[in-house]
Number of protein chains: 2
Amino acid sequence: MIKLRDLEYLTAIDKHKHFGKAAQSCFVSQPTLSGQLMKLEEQLGLQLVERHRRNVMLTPAGDQLVEEARKVLQAAGQFESCAKALLDPFAGDLHLGLIPTLAPYLLPHIMADLNTTLPNINFFLHENQTKVLLQQLDEGKLDVLILPYLVEMEKFESYQLFDEPLMLATPKSHRLANKKSLSLADLQDEKILTLADGHCLKDQAMGYCFSAGAKEDISFQATSLETLRHMVASGMGITLLPALAAQGNLASDTIHYGKFQAPVPIRGISLVIRPNYSRMQCVRAIVASVRKSLSDIIS
Amino acid sequence: MIKLRDLEYLTAIDKHKHFGKAAQSCFVSQPTLSGQLMKLEEQLGLQLVERHRRNVMLTPAGDQLVEEARKVLQAAGQFESCAKALLDPFAGDLHLGLIPTLAPYLLPHIMADLNTTLPNINFFLHENQTKVLLQQLDEGKLDVLILPYLVEMEKFESYQLFDEPLMLATPKSHRLANKKSLSLADLQDEKILTLADGHCLKDQAMGYCFSAGAKEDISFQATSLETLRHMVASGMGITLLPALAAQGNLASDTIHYGKFQAPVPIRGISLVIRPNYSRMQCVRAIVASVRKSLSDIIS
DNA sequence: CTTAATCATAGTTAAAGCCTATCAATTAAT
DNA sequence: ATTAATTGATAGGCTTTAACTATGATTAAG
């Protein structure tokens, strides 16, 4: 295998037409350059340089190969400068995965600061259900997930970002809408509207509801939080909504969002990465930025 | 300095996503590849590979650098295949220098066989006076000269090709035109037309003439053999012409070309190269070809 | 719980690259 | 003409490094 150093020696000889000077320009001794060049010639099986006492010149073969050598060295230089540019840990593309019940309500609160804090990171946003996101994270298609933490993620590395309370969304006219102090126990025997299977919010919300003695309304399953919200607004039932979704879009005339007393049902939003993920500095910056952005909103 | 082998390891990892298989494809042991790759990462200061037990993947930086690495390796491959192509000693460009009093009369006799014998050599022909040719040979602008040998060429390497007799060119009406047996002594007291200074033929021809007791006609100097020939044809005098020039273009009605008896004046045509010239096999083939071509013509 | 797979580590060896010192050949100068 | 300087090649020794084998640690799967 050709060595890049040898190509440097060759181009140096071409430039200086003088072994001593060429060696100096390569910061090696003259015998070193002389020897390496001879080895290269032997390896290629052809003479590259005509040696004369007073006068060194390249053979036609040497001339052609110097051209090729320059191309190789240029490519190598590009490799190195590319590596140098990549050295900035706070630059490059970053694929962020979020779940549908979080993305549209969270992103408006965090992207501004993320883009300010990490101006050289290009964020690509991917919205998918937890299972898909984990798969893609594992495959390397995604770099970072932001979603509710589940035990099945223990093989990954995760950072707690914030706890998002779940609120009770009811029609204004509902008996629970005007209750002074609301607790999970109040849900007993209520029928709860839910999202479709696959949304982790459904499992979490229904977990709380079941333990409170409420039941799932199996007559309909919403495919998104917004349809769910519309169903509540049109009086078809009540449901648990994440605080960010409740806060953002009030639909205030028709829906009442009730805060629970302690113990408040929550979902713990975490940032998840592969263990050994290469851009930890970047991850830490994201964690800090999101926590900061959320500290003002979740009180 | 980056090493090409490391780039191969990197691309192999990208291809196989598996250290063992990648190592196998590079014909090294897995620890070797593992270690070299780690060194490369350390050297660049950035992580290229995410290592997991079950799953190896490139970091975004690694992904980009694999692209660069491929370009470098491709350039290196081109270098090597170019060297391979140059391995054929009977291929490539060859710059041949000749003097004006020889080129137009010799080339028609030798080029056909040269092109047949060395089909992959591209001959570039350069016509100049001896002094210029020697300078250009020394500078490497020319590879091979074909010209009359002079002692000042002893620092070069030379191969005798053939002896070209000099003939006496006279008008048909000249007293020497019809002489049965012609010798140099017959030139005594004749005035000889000559070429301009700088043409080595002038010096050689006049050397013979002077020692025979002839004189130079200083009233005019021809800039080429053809003008010289025309001057003879128009009766302005006599001159010595090289046999090849006499043979080719007879101008037979008006000029008589006389052969000298022994000692025949000649110029010894040699092939001259730099000592240590790299393409000796090619040179030997040229020498053989020219000698063969000329053996039929100079008898 | 054990087995297999996979990447990292440790220790060793062989080769390669580099250095200093010196030689040989040539040119330039006294 | 002899000496001094230049220049590329050679010799011998040192250091680095790339390679190997053997082994360890961790995880996934049977």
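These numbers were taken from a predicted model, which means no experiment stands behind them. Each chain gets a letter, A, B and so on, in the order its sequence line appears, and its residues count up from 1.
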D:dT7 OP1/OP2 closer than 4.0 Å to side-chain N/O of A:Arg51 = no
request  = Show your reasoning for whether side-chain hydrogen bond (donor to acceptor under 3.5 Å, both in side chains) applies to A:Gln64 and A:Glu68.
outcome  = CA-CA 7 Å; A:Gln64 277 193 48; A:Glu68 296 301 319; over 6 Å; no
ask   = Could you state the CG-P distance from A:Leu58 to D:dG8, rounded to the nearest angstrom?
value = 13 Å
ask   = What nucleotide among D:dT10, C:dA10, C:dC18 has an atom nearest to a side-chain atom of A:Arg5?
value = C:dC18
query = Which of these nucleotides, C:dC7, D:dT7, D:dA19, is closest to any side-chain atom of A:His18?
reply = D:dT7
remark   = Rounded to whole Å, the NZ-P distance (B:Lys39 to C:dC7) equals 20 Å
inquiry  = Enumerate the ring-ring contact (aromatic ring centres under 6.0 Å, His included) contacts for residues 122-161 of chain B, please, sequence neighbours excluded, ordered by first and then second residue.
reply    = B:His95-B:Phe124, B:His95-B:His126
Out of C:dA8, D:dA19, C:dC18, whichever nucleotide has its closest atom nearest the side chain of A:Thr32 = C:dC18
request  = Measure from the side chain of B:Ser34, starting at C-beta and using heavy atoms only, and say which of C:dC18, C:dA8, D:dG8 lies closest.
outcome  = C:dA8
Sugar-phosphate only, base, or nothing, as touched by A:Gln36 at under 4.0 Å among non-hydrogen atoms = sugar-phosphate
Of B:Lys21 and A:Ser29, the one whose closest DNA chain C nucleotide lies more 5' = B:Lys21
key: Proximity to the side chain of A:Val28 - top-ranked nucleotide from C:dC7, D:dA9, C:dC19   = C:dC19
Produce the list of close N/O pairs, under 3.5 Å, pairing protein atoms with atoms of nucleotides 24-30 of chain D; give distances to one decimal.
{"residue": "D:dA28", "atom": "O3'", "partner": "B:Arg54", "partner atom": "NE", "Å": "3.3"}

